[in-house]
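One structure is given here, and the rest of the page talks about it.
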Amino acid sequence: MTENLKEKVKEFGLGTKTSYGVYRALNKDGTFNVKKINTPFLERINFFHTLISMSWIKFLGVILLGYFGVNIVFATIYTMLGVENLTGVDDSSVESNFLEAFFFSAQTITTLGYGRVAPMGLLANIVAAIESMLGLLSFALATGMLYGRFSKPSPKIKYSSNAVVAPFNAINAFMIKIVNPQKNQLLELEAKLTLSMKKDGSNVRDFYNLELQIPKIVFFPYMWTIVHPIDEQSPLFNLDEAAVLEKDAEFIVFVKAFDESFSQTVYSRSSYKASEIKWGEKFVYTVKQGSEGMIVDVGRLNETEKAVLN
């Protein structure tokens, strides 16, 4: 049965050949452990993906940096044209003139305009017209990016920091524990578990789809322990901790769910290396009855206790 499974699953898009050393296709946060080099600059530019996927602090930093940078550029242009082309500006020091030009630029780019300072002459009006158009386009783009970040479904499923091999019925099982720490409801969850490990005496890797005890659940209000029974049909059958380490095994878990808040299907993934598996331990039950209903202790997601393997 195991050999047949090998023939069915030849490649997951993760590569079958690896160099010596520790291999990891997927990082713990779900990102692929791949770096592409020698790609032409123009071909690897993707401003939308970069701005959508970066952290909020970086995103706001880029917006502010761009805002001040554009205003500084146009303030410099107005200063070079001469402040006499701006009404309401007293020709005093260079610093004062630049500040007046900067704040006039800020009013122009936001199409605000208080009326105290206004452009005079053809060149100043042309620059102001270009800046106002640039402002309309830039703020429309920034607004779209902001909406895209808020409207982008992003499941915050938490995975246990370690997997375990624990007793399960009359056999043992590989287990991972997950929880949704947020209040949004995830429905129709489906989990898939993949195993990648080296062939005996080779750096070429085999891939397996591991059978799960329960591959799909309808609701996800509690924690979910994803269980792969290690029976005779499992590629882990008759393998101990040392053998799994020697084969440089990597377990990749993939979760698909329907996010009720966004009415969209969302995806989440993570991975576990052989060194991140606790053998002879089981997850502690962390759900209890409270006065206001069931209580799920998310802080105990990683808590385990000793268990005797079968």
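Values below: all heavy atoms of this structure, side chains included; hydrogens, waters and symmetry mates excluded. One is the number of the first residue; the rest follow in order along the sequence.
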Keeping the roles fixed (side chain from [X], backbone from [Y]), state whether a donor-acceptor pair exists under 3.5 Å.
| X | Y | value |
| --- | --- | --- |
| Glu250 | Ala25 | yes |
| Asn27 | Gly30 | no |
| Arg269 | Lys28 | no |
| Glu241 | Ala274 | no |
| Asn71 | Ala106 | yes |
| Lys199 | Lys247 | no |
| Asn180 | Ile157 | no |
| Ser132 | Ala129 | yes |
| Asp231 | Ser234 | yes |
| Gln107 | Tyr114 | yes |

Which atoms form the tightest heavy-atom contact between [X] and [Y], and what is the distance?
| X | Y | answer |
| --- | --- | --- |
| Val266 | Pro153 | CG1-CB, 3.4 Å |
| Phe168 | Pro229 | CE2-CG, 4.0 Å |
| Pro167 | Asn310 | CB-ND2, 3.7 Å |
| Leu134 | Phe74 | CD2-CE1, 3.7 Å |
| Asn97 | Val83 | CB-CG1, 3.4 Å |
| Asn302 | Ser160 | OD1-CA, 3.1 Å |

Could you give the distance from [atom1] ([X]) to [atom2] ([Y]), rounded to the nearest 0.5 Å?
| X | Y | atom1 | atom2 | value |
| --- | --- | --- | --- | --- |
| Glu100 | Glu95 | CD | CD | 13.0 Å |
| Ser268 | Phe254 | OG | CZ | 9.0 Å |
| Ile77 | Ile72 | CD1 | CD1 | 12.5 Å |
| Phe283 | Lys278 | CZ | NZ | 8.0 Å |
| Gln213 | Thr225 | CD | OG1 | 9.5 Å |
| Ile176 | Tyr159 | CD1 | OH | 8.5 Å |

A side-chain contact here means heavy atoms from C-beta on lying under 4.5 Å apart; do [X] and [Y] qualify?
| X | Y | result |
| --- | --- | --- |
| Tyr67 | Ser138 | no |
| Met294 | Gln289 | yes |
| Asp259 | Gln264 | no |
| Asp248 | Lys273 | yes |
| Lys177 | Glu303 | no |
| Pro235 | Met197 | yes |
| Phe220 | Ile178 | yes |
| Val164 | Ile277 | no |

Flag yes if [X] and [Y] sit in one hydrophobic cluster, no otherwise; membership is Ile, Leu, Val, Met, Phe, Trp, Tyr, and two members link when side-chain heavy atoms are under 4.5 Å apart.
| X | Y | value |
| --- | --- | --- |
| Phe150 | Ile52 | yes |
| Val255 | Tyr222 | no |
| Val165 | Leu212 | yes |
| Val127 | Leu123 | yes |
| Met175 | Ile252 | no |

Between Phe68 and Phe102, what is the ring plane arrangement, given parallel below 30°, perpendicular above 60°, and tilted in between?
parallel

Where does the angle between the aromatic ring planes of Phe104 and Tyr78 fall among parallel (under 30°), tilted (30 to 60°) and perpendicular (over 60°)?
perpendicular

Evaluate the criterion side chain to side chain contact (heavy atoms under 4.5 Å, CB included) for residue pair Thr194 and Leu210; output intermediate values, then yes/no.
CA-CA 6 Å; Thr194 300; Leu210 301 184; over 6 Å; no

Can you list the steps and then say if Met223 with Leu301 is a side chain to side chain contact (heavy atoms under 4.5 Å, CB included)?
CA-CA 8 Å; Met223 295 186 182; Leu301 173 67; 4.0 Å; yes

Does the side chain to side chain contact (heavy atoms under 4.5 Å, CB included) test come out yes or no for Trp224 and Val179, once each step is laid out?
CA-CA 6 Å; Trp224 182 18; Val179 66; over 6 Å; no

If you count heavy atoms of other groups shown closer than 6.0 angstrom to [atom1] of [X], is the number above 12?
| X | atom1 | value |
| --- | --- | --- |
| Phe48 | CZ | no |
| Met133 | CE | no |
| Glu246 | CD | no |
| Ile57 | CD1 | no |

Among Phe207, Phe174, Tyr272, which residue meets the ring pair (Phe, Tyr, Trp, His ring centres under 6.0 Å) test with Phe251?
Phe174

Show your reasoning for whether side chain to side chain contact (heavy atoms under 4.5 Å, CB included) applies to Leu186 and Phe219.
CA-CA 7 Å; Leu186 299 178; Phe219 305 112; over 6 Å; no

So, Glu131 versus Ser105: side-chain donor-acceptor pair below 3.5 Å or not?
yes

